[in-house]
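Computed from a prediction, not measured in an experiment: that's the story for all the values here. Order of the sequence lines fixes the chain letters, A, B, ..., with proteins taken first and strands second; residue numbering starts at 1 for each chain.
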There are 2 protein chains.
Amino acid sequence: MNDIVKLGTRRQKMEAKERAILQAARNELSQHGFEGAKMSAIARAAEVAEGTVYLYYRNKRELLDAVVSEFWQTLTTGARVVTGQHETTLDKLRALAEFHLKELVKDFDFVGFTVRTRETGTLDSPSLTPIRAYVAVFDEIFRQGQDRGTLVTASPLWVVRDLFYGTLEYASRTLHLHQERRHEEVVDHLIELIQRCYGADPSQAQVGALEAIEQRLQSIERQLTNQ
Amino acid sequence: MNDIVKLGTRRQKMEAKERAILQAARNELSQHGFEGAKMSAIARAAEVAEGTVYLYYRNKRELLDAVVSEFWQTLTTGARVVTGQHETTLDKLRALAEFHLKELVKDFDFVGFTVRTRETGTLDSPSLTPIRAYVAVFDEIFRQGQDRGTLVTASPLWVVRDLFYGTLEYASRTLHLHQERRHEEVVDHLIELIQRCYGADPSQAQVGALEAIEQRLQSIERQLTNQ
DNA sequence: ATTAATAATGATTTAGGCTCATTTATATTG
DNA sequence: CAATATAAATGAGCCTAAATCATTATTAAT
């Protein structure tokens with residue numbers, strides 16, 4: 001065997017081990033929460049000695065930070081895919097909102113873990129990087145909307161961003177507590193709000209709303225006649 | 001000494017001790033965070049043996065839950081005072097938003113602790129009660145606005161509440177990271193948004209009509225899906 | 001094949017939450 | 001007031017789980 005292959009296998013083994021640990025940590029974390037997650041259980045699940053975990057991550061916090069980072073990275077990828085399937089700014093925003101809310105409700109605890117990670121975090125904390133990358137998805141869409149002239153606002157972007165993500169994050173908590181409430185309602189409301197407040201043409205917004213109602217009416221009529 | 005005085009002093013002593021423990025816990029918590037807070041340090045600060053703490057609180061989590069509860073109770077009192085000083089619905093809302101944001105930024109970590117408290121919380125978890133009492137302040141103001149006719153919306157209250165508190169909570173995080181940004185900007189923006197979207201304005205009559213239709217549609221859709 | 005370097009191990013150390021047998025303080029009663 | 005009963009407080013010690021590190025195993029280089 002030549003050097004490169006040998007070197008490669010060793011690296012590959014380590015990388016596989018790291019992935020296994022991260023995956024085990026993710027499972028343990030979502031099953032038992034932050035305090036409940038045991039390093040011993042993670043090591044066992046990853047089929048690794050307890051000490052080995054500490055070769056890859058300095059301590060428990062760092063390992064769980066890594067899990068949270070991975071979570072946001074995955075979210076970023078998903079958000080780009082989903083928003084990429086739409087053309088207009090408002091469609092993109094709606095898709096992003098739906099995706100965001102759905103994922104937050106699904107992996108609800110990770111929001112809490114993220115907050116915890118930030119607890120002692122400073123402005124340049126590395127644990128913030130993946131979150132920055134994620135919110136950038138919104139920023140890009142919104143800026144594009146402004147460039148295209150479909151969105152108009154005097155407010156700085158960060159204010160609108162707080163509104164967007166803040167509403168959705170808080171709503172995810174509400175939805176998590178009251179399972180019966182509907183996700184769509186939150187998204188509909190938020191998007192309509194953005195449309196009304198930042199949409200370039202308010203009269204156009206109402207036309208859009210009328211069209212949406214028309215469609216839903218037709219859907220209802222269809223359901224009624226099918227019965 | 002008569003019985004009542006004797007009984008009184010004993011109770012008073014215990015109540016004083018409980019307050020001391022709670023206060024010590026609060027300090028320890030805001031200084032060292034959730035994991036960093038040591039029961040031994042809390043006991044020492046409260047001038048009490050470590051075992052004594054466990055006579056008043058079953059375990060660490062319960063003690064820290066109590067701290068968080070107290071935090072929200074204090075917030076509720078403050079919010080009532082502040083909003084009581086205003087007449088119109090929008091002034092009340094603005095005052096509430098300003099107060100809320102200011103307090104959240106001041107005691108920033110407590111939001112994180114709250115989220116943590118909820119981690120395993122269910123719908124009827126007692127740790128939710130003080131938070132419910134707090135958000136009720138908003139609910140009352142908003143409903144009053146609807147009764148008076150200054151606010152009009154077809155959206156359910158909880159959606160608007162998520163918008164209000166969600167935006168502010170998320171903004172408090174942003175503000176905590178970027179100290180240079182201004183609180184007022186967030187509040188101004190939020191209130192203007194509410195005014196524009198929910199303010200009763202004759203020129204927005206069509207919007208109101210649309211919302212009424214929306215409401216009825218949702219009701220019909222719900223009936224259909226329930227069948 | 002030998003040696004050097006790196007990775008992995010798990011027994012041991014350490015720290016902090018929590019318990020409980022004992023002690024101290026308060027209330028009750030004759 | 002003394003004797004007794006009850007409630008509150010104590011802190012040494014237990015237990016669990018994170019983190020360490022001397023030792024062993026594996027891989028790479030010569």
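Among the protein residues, A:A37 comes within range of the sugar-phosphate backbone only, with heavy atoms under 4.0 Å from sugar or phosphate atoms but none that close to a base.
Applying the 4.0 Å criterion to OP1 and OP2 of C:dC18, one finds that B:K60 has every side-chain N and O outside that range. Considering only side-chain N and O atoms, B:Y57 lies nowhere under 4.0 angstrom from the phosphate OP1 or OP2 of C:dC18. Contact annotation: B:T52 reaches the phosphate of D:dT10 (side-chain N/O to OP1 or OP2, under 4.0 Å).
Comparing C:dC18, C:dT9, D:dA9 by their closest approach to the side chain of B:M39 singles out C:dC18.
Of all non-hydrogen atoms in B:L163 and B:T167, the two that sit nearest each other are O-OG1, 2.6 Å. Between A:L93 and A:F164, the closest heavy-atom pair is O-CZ, 3.9 Å. Shown here for A:T89 and A:Q144, the closest heavy-atom pair between the two residues is OG1-C, 4.5 Å. Nearest heavy-atom pair, B:T153 versus B:Q146, reported as atom, atom and distance to 0.1 Å: CG2-NE2, 3.4 Å.
Cation-pi geometry between B:R26 and B:F110 is satisfied (NZ or CZ under 6.0 Å from the ring centre, within 45° of the ring normal).
Following rounding to the nearest Å, A:L55 (CG) and C:dT9 (P) show an atom-to-atom distance of 9 Å. Nucleotide C:dA27 holds its P atom 12 Å from the CE atom of B:M14, rounded to whole Å. Nucleotide D:dT10 holds its C1' atom 15 Å from the CD atom of B:E47, rounded to whole Å. Spacing between atom NE2 of A:H32 and atom P of D:dA17 amounts to 11 Å, rounded to whole angstrom units. The distance from atom OH of A:Y56 to atom P of C:dA7 is 8 Å, rounded to the nearest whole Å. The distance from atom CZ of B:R44 to atom C1' of C:dG17 is 14 Å, rounded to the nearest whole Å. The distance between atom CD of A:E35 and atom P of D:dT16, rounded to the nearest whole Å, is 18 Å. Rounded to whole Å, the distance from CD1 on B:I21 to C1' on C:dG17 is 15 Å.
A donor-acceptor pair shorter than 3.5 Å cannot be found between the side chains of A:T174 and B:W158.
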Taking only N/O atoms, report every protein-nucleotides 13-15 of chain C pair under 3.5 Å with atom names and distance.
none

Collect all protein-nucleotide pairs involving nucleotides 20-26 of chain D in which both atoms are nitrogen or oxygen and the distance is under 3.5 Å.
none

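Between B:K106 and B:E103, at least one side-chain nitrogen of the basic residue sits less than 4.0 Å from a carboxylate oxygen of the acidic one, meeting the salt-bridge criterion. Under 4.0 Å is where a charged nitrogen must lie from a carboxylate oxygen, and between A:E192 and A:R196 at least one such pair does. Looking at A:R173 and B:E169, a side-chain N of the basic residue comes within less than 4.0 Å of a carboxylate O on the acidic one, giving a salt bridge.
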